[in-house]
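In what follows, chains are A, B, ... by sequence order, proteins preceding strands, each numbered from 1.
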Amino acid sequence: MTDRIPAGDQSPQDLESVLIASDTAGLPASAHGQMGSLALPEEPPGPAGSPEQAMVSPQDLALSQQQGLEPTARSQWAYARLRFFRHRMAVLSLLVLIAIGFVAIFAKQIAPYEFDELDLDNITSGPTFADKHLFGTDLLGRDYLSRVIFGLRTSLWVAFFVAILSTTIGTTVGALAGYYGGIVDNLLMRFTDLILTLPGLAVLLTAAAFFGAGDPLKVGLILALLFWTSLARIVRGVFLSLREKEYIEAAKASGASDARIILRHMLPNSLGPIIVNTTLVVAAAILVEAALSFLGFGIQPPNPALGSLIATGQAEGTDLWWLVTFPGLVIVVIALAINFIGDGLRDALDPTQRRVRA
Amino acid sequence: MLTYIIRRLLYSAVVLVLASFLVFFFVTATGDPLAGLRISPNVSKITVQNVIDRKHLDDPIIKRYGYWAQDAFTNQFGSTLLDNRPILPDLWRVMKNTLQLVLIAQLLVIIMAVAIGVVSAIRQYSVFDHTMTTFSFLGLATPVFWLALMAQVGVVQIFERTGHRLFPIANLSAVDPGTGLDFWIDRAHHLTLPVLVLTVAGIAGYSRYMRAAMLEVINSDYVRTARAKGLSERRVTVKHALRNALIPLVTLVALDFGTILGGAVVTETVFSLDGMGLYFVNALFNNDPYPVMAWLMIVAVMIVVFNLVADIAYGLLDPRVRYD
């Protein structure tokens with residue numbers, strides 16, 4: 001095969017969706033197992049997605065077109081999009097998350113007060129509409145809604161930073177380990193063993209104490225450096241099974257470089273599990289960062305973050321219920337939304353999932 | 001099988017040594033544990049120097065690690081850095097407390113998660129299933145420390161509005177708990193809220209897992225065969241489906257158990273419970289590597305042991321698994 005008809009990932013899947021024209025087109029079989037349950041890489045190929053079936057010569061296609069049998073051709077991503085938008089909770093969650101993200105980005109314009117602005121007439125007042133303190137005020141009379149909005153901005157930023165960084169590291173290491181095996185693979189697996197032997201939260205706390213966390217960037221780095229391993233294992237698994245596929249062999253035979261095979265042929269076929277994992281990392285990062293900040297090892301005042309807001313709220317007294325309640329509620333809403341989006345993406349990107357959602 | 005166990009243990013020992021050195025390095029390099037002593041006007045320079053000499057704080061880190069390793073094996077993990085308090089008795093005490101908390105919580109979690117998971121799977125997409133799915137999504141999105149705080153807030157609000165003191169919101173015992181039965185009634189009263197929080201938090205994940213395991217089994221051929229033979233639905237569910245669906249749960253429980261013994265760090269902190277988790281956090285705050293290391297070694301060994309138990313249990317329960 002030549003470059004004109006790529007032997008790789010794009011055409012077989014596209015042709016496949018033309019052929020089957022049902023709900024099952026999409027990612028290659030090898031991705032099925034890893035996507036949902038982080039199952040073993042030995043998962044046998046599913047019935048619908050194996051490229052062998054999908055190999056159709058252009059002549060066949062032309063024939064079917066002549067006979068007027070041509071169904072609407074949609075790319076795998078179009079199918080994924082269709083499936084995602086059928087998942088009501090996921091779509092709703094996406095809207096909620098976009099709204100929250102909007103508030104976070106335009107915090108300065110949206111927040112009614114600065115996050116450290118004092119209103120000495122209204123110290124520790126409960127939530128009221130009258131004084132324009134929807135979430136109440138704290139011991140110093142600072143508007144709590146504004147503090148939560150600025151805290152939300154920090155926490156969201158950290159979560160997305162962690163997701164992007166750990167996805168980059170995890171994908172790179174996993175791809176190299178899966179493709180080349182050898183030393184990279186060994187090192188990766190030994191490092192994961194090391195992490196798995198130790199209690200996770202303890203490792204995080206020790207690392208945070210060592211690096212002297214406090215500002216969001218450091219906390220993000222620490223989380224990312226410990227979060228990438230699970231994705232690396234997943235990508236490694238996908239790559240191990242992709243490596244044996246015929247179209248990779250064909251690409252090699254046609255003289256494609258390693259970089260081209262990894263980037264052009266294997267990576268696009270691993271995108272499903274990577275995307276799903278990234279969403280889950282965002283949710284996990286929000287929760288773990290909040291716990292770290294609450295315990296005093298994460299983001300610390302004066303940097304506002306949801307976890308440290310809860311910590312100071314607790315210190316100021318459990319009878320001031322709004323100080324603890326509101327930042328926590330925001331965390332729950334974000335994590336819930338992201339988990340639903342992750343669920344929707346999993347359904348959308350995994351062709352073996354045929355769950356019909358009303 | 002025996003060679004498999006021995007190989008696993010040897011390998012784990014290497015990992016443990018490596019991990020212990022890394023953590024020792026991290027904790028000792030974190031900051032100056034004597035900072036408080038140095039600035040205190042009541043402490044003489046000689047006292048500070050004594051602590052330094054006793055713990056060899058001026059030696060290079062690799063040598064200090066050597067001293068620690070020696071202490072760990074010959075002297076029951078030695079003593080704390082500042083007040084020279086023996087570590088092991090404290091650790092046993094907090095472990096006993098943690099066990100009371102997490103064993104009860106874990107037991108409740110398993111019972112309820114199995115019940116919820118089985119019913120959800122049998123009546124898939126029913127109102128019950130949807131409700132439980134929503135609850136578990138909520139549970140997975142809720143930070144445990146916040147759940148604990150909300151429990152406290154709720155109890156405080158009820159007290160402020162009605163004057164009823166439902167449950168204590170901190171500590172393991174009252175100031176004067178009494179003895180015998182009185183002591184345990186008081187302990188149960190104090191543990192109610194933390195156990196409740198840990199149970200609610202735990203059920204979310206476990207029930208999803210159980211539901212998935214049960215669904216997989218229900219749709220398998222041998223369950224259909226059992227039904228085709230004319231067995232009662234009850235017999236099919238309990239004897240054929242449930243038994244097999246429990247296998248992955250048993251492994252998961254064993255896997256989690258080692259970690260659980262490390263204490264519920266967050267819950268113990270919120271409720272000021274004198275358990276493993278709070279012990280670790282306090283030691284870390286004090287920059288004291290010795291109790292941190294002792295804690296870590298005990299918990300890591302537990303994790304290794306229970307990982308092995310999980311593997312072996314899986315092999316015993318599922319005859320298809322082979323070790324080689």
Counting heavy-atom pairs under 4.5 Å to chain B, which of [options] comes out on top?
options                                : value
A/Leu205, A/Val203, A/Val333, A/Leu201 : A/Leu205
A/Ile334, A/Val288, A/Leu336, A/Ile338 : A/Leu336
A/Phe294, A/Phe211, A/Trp321           : A/Phe294

Side chain, backbone, both or neither of [X] within contact of chain B (heavy atoms, under 4.5 Å):
X        : value
A/Ile331 : both
A/Leu329 : both
A/Ala290 : both

Measuring heavy-atom distances to chain A, does [X] have an atom under 4.5 Å in its side chain, in its backbone, in both, or in neither?
X        : result
B/Val299 : side chain
B/Leu16  : side chain
B/Gln152 : both
B/Val15  : both
B/Val144 : neither

> When only pairs under 4.5 Å are counted, which of B/Leu284, B/Thr269, B/Val155 shares the most heavy-atom pairs with chain A?
Replying inline: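 Most heavy-atom pairs under 4.5 Å with chain A: B/Leu284.
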> Of all of B/Gly277, B/Ala300, B/Pro143, which one pairs up most often with chain A through heavy atoms under 4.5 Å apart?
Replying inline: B/Pro143
> Any salt bridge between A/Arg86 and A/Asp347, counting N to O under 4.0 Å?
Replying inline: no
> Within a radius of less than 6.0 Å around CD1 of A/Ile183, do more than 12 heavy atoms belonging to other residues, nucleotides or ligands occur?
Replying inline: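 Not buried by this count: 12 neighbours or fewer within 6.0 Å.
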> Okay, side chain of B/Asp288, backbone of B/Tyr290: is any donor-acceptor separation there less than 3.5 Å?
Replying inline: yes
Without hydrogens or angle criteria, can the side chains of [X] and [Y] be said to hold a donor-acceptor pair below 3.5 Å?
X        : Y        : result
B/Tyr11  : B/Arg7   : no
B/Thr98  : B/Glu268 : yes
B/Tyr206 : B/Arg211 : no

>> In this structure, is the centre-to-centre distance between the rings of B/Phe25 and B/Tyr65 below 6.0 Å?
In response: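 Distance test on ring centres: not under 6.0 Å, no.
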> What do you reckon, are the aromatic ring centroids of B/Phe137 and A/Phe340 less than 6.0 Å apart?
Replying inline: yes
> From B/Met214 CE over to B/Ser120 OG, what is the distance, rounded to the nearest 0.5 angstrom?
Replying inline: 11.0 Å
